[in-house]
Amino acid sequence: MNIKIVMISSCIFLGALGITFTFIPDEIISGLSATPNPISILSLQLLGALYLGFTMLNWMAKGSLIGGIYNRPIAIGNFMHFAVGALALIKIITKIHTHSEIVISLTVAYSVFAILFGYVLITNPSRIEKKA
């Protein structure tokens, strides 16, 4: 499996969420039929900052060996984020009646990334070094 593709795709996914949550939290909250207040706006902006932090971490590490004992903190951090997020989304998916398509798509994305990073975590990387 090419870990670089997994890292770049997670960067795109998390970066899109991070930019959206950071710059348009009012619109997101209003779109979810909730009333924006300072705490909910701040919470979404902090979540966006977290996503952007993971985006930069994954972007900077995309060319490194990841898996097994190599860059284990990056693999564990990504796996825990996506696995716990997927479990939380799976738990609530039956209780959401409005905007269920958003929750279902997030659940699928989180589950796929959890499986991919779980695989990365338990396998050793293989890279053919090019000699100059």
Side-chain angles (χ1 to χ4, degrees):
M1 176 174 62
N2 191 346
I3 188 62
K4 191 170 188 174
I5 294 171
V6 174
M7 297 297 278
I8 291 172
S9 60
S10 72
C11 287
I12 293 168
F13 176 70
L14 293 174
L17 288 175
I19 289 170
T20 304
F21 288 167
T22 301
F23 294 110
I24 56 170
D26 295 332
E27 291 80 359
I28 293 169
I29 295 168
S30 298
L32 295 173
S33 304
T35 305
N37 61 54
I39 297 298
S40 62
I41 292 170
L42 178 63
S43 297
L44 276 185
Q45 288 177 325
L46 289 174
L47 182 61
L50 174 72
Y51 283 155
L52 289 173
F54 256 109
T55 300
M56 292 310 299
L57 175 74
N58 289 347
W59 184 259
M60 299 295 276
K62 73 182 183 302
S64 302
L65 286 175
I66 299 174
I69 63 169
Y70 302 101
N71 286 316
R72 194 163 183 83
I74 294 172
I76 288 176
N78 278 288
F79 173 70
M80 286 302 297
H81 171 245
F82 286 113
V84 172
L87 291 174
L89 286 163
I90 289 168
K91 182 179 176 183
I92 201 157
I93 204 164
T94 59
K95 299 175 186 171
I96 299 288
H97 300 294
T98 57
H99 306 292
S100 61
E101 65 280 352
I102 295 171
V103 177
I104 291 170
S105 61
L106 280 174
T107 304
V108 169
Y110 264 75
S111 299
V112 167
F113 280 121
I115 291 166
L116 290 173
F117 279 109
Y119 180 76
V120 166
L121 189 61
I122 63 171
T123 60
N124 289 322
S126 60
R127 176 187 283 183
I128 299 172
E129 297 293 333
K130 294 181 180 177
K131 295 186 180 186

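What you are looking at is a predicted structure, and each value in this text was computed from that prediction instead of being measured. Computed over heavy atoms, backbone and side chain alike; hydrogens, waters and symmetry mates excluded.
- Contact detail for L47 and F21: the closest heavy-atom pair is CD2-CE1, 3.5 Å.
- Hydrophobic clustering of Ile, Leu, Val, Met, Phe, Trp and Tyr side chains at less than 4.5 Å, counting indirect connections, keeps W59 apart from F113.
- Across every non-hydrogen atom of G15 and T55, the tightest pair is N-OG1, 3.0 Å.
- The aromatic rings of F13 and Y110 sit perpendicular, their planes meeting at an angle over 60°, well past the 30° parallel limit.
- In the hydrophobic clustering, I122 connects to no other residue, as no ILVMFWY side-chain heavy atoms lie under 4.5 Å from its own.
- Hydrophobic clustering, with ILVMFWY side chains joined whenever heavy atoms are under 4.5 angstrom apart, groups V84 together with L106.
- Linking Ile, Leu, Val, Met, Phe, Trp and Tyr residues whenever their side-chain heavy atoms come within less than 4.5 Å places M80 and I74 in a single cluster.
- Remark: side-chain polar atoms of S100 are not paired, donor with acceptor, to backbone N or O of H97 under 3.5 angstrom.
- In this structure, I5 is not a member of the same hydrophobic cluster as L14, with clusters built from ILVMFWY side-chain heavy atoms closer than 4.5 Å.
- F117 is linked by a ring-ring contact (aromatic ring centres under 6.0 Å, His included) to F82, counting only residues two or more places apart in sequence or in another chain.
- Cluster annotation: I102 and V108 are assigned to the same hydrophobic cluster (Ile/Leu/Val/Met/Phe/Trp/Tyr, side-chain heavy-atom contacts under 4.5 Å, transitive).
- Listed by chain and residue number, S40 satisfy the side chain to side chain donor-acceptor pair (under 3.5 Å) test with N37 (two or more places apart in sequence, or in another chain).
- Within 6.0 Å of CD1 in I92 there are 12 or fewer heavy atoms belonging to other residues, nucleotides or ligands.
- Other residues sharing a hydrophobic cluster with F23 under the 4.5 Å side-chain heavy-atom criterion for ILVMFWY residues are I19, L52.
- Of all non-hydrogen atoms in K62 and I8, the two that sit nearest each other are CD-CG1, 3.7 Å.
- By the ring-ring contact (aromatic ring centres under 6.0 Å, His included) test, F79 pairs with no residue at all, sequence neighbours left out.
- Taking a 4.5 Å side-chain heavy-atom cut-off between Ile, Leu, Val, Met, Phe, Trp and Tyr, the cluster of L42 extends to L46.
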Check your understanding: What's the verdict on side chain to side chain contact (heavy atoms under 4.5 Å, CB included) for H99 and S33, showing C-alpha distance, side-chain angles and the deciding distance?
Key -> CA-CA 10 Å; H99 306 292; S33 304; 4.1 Å; yes

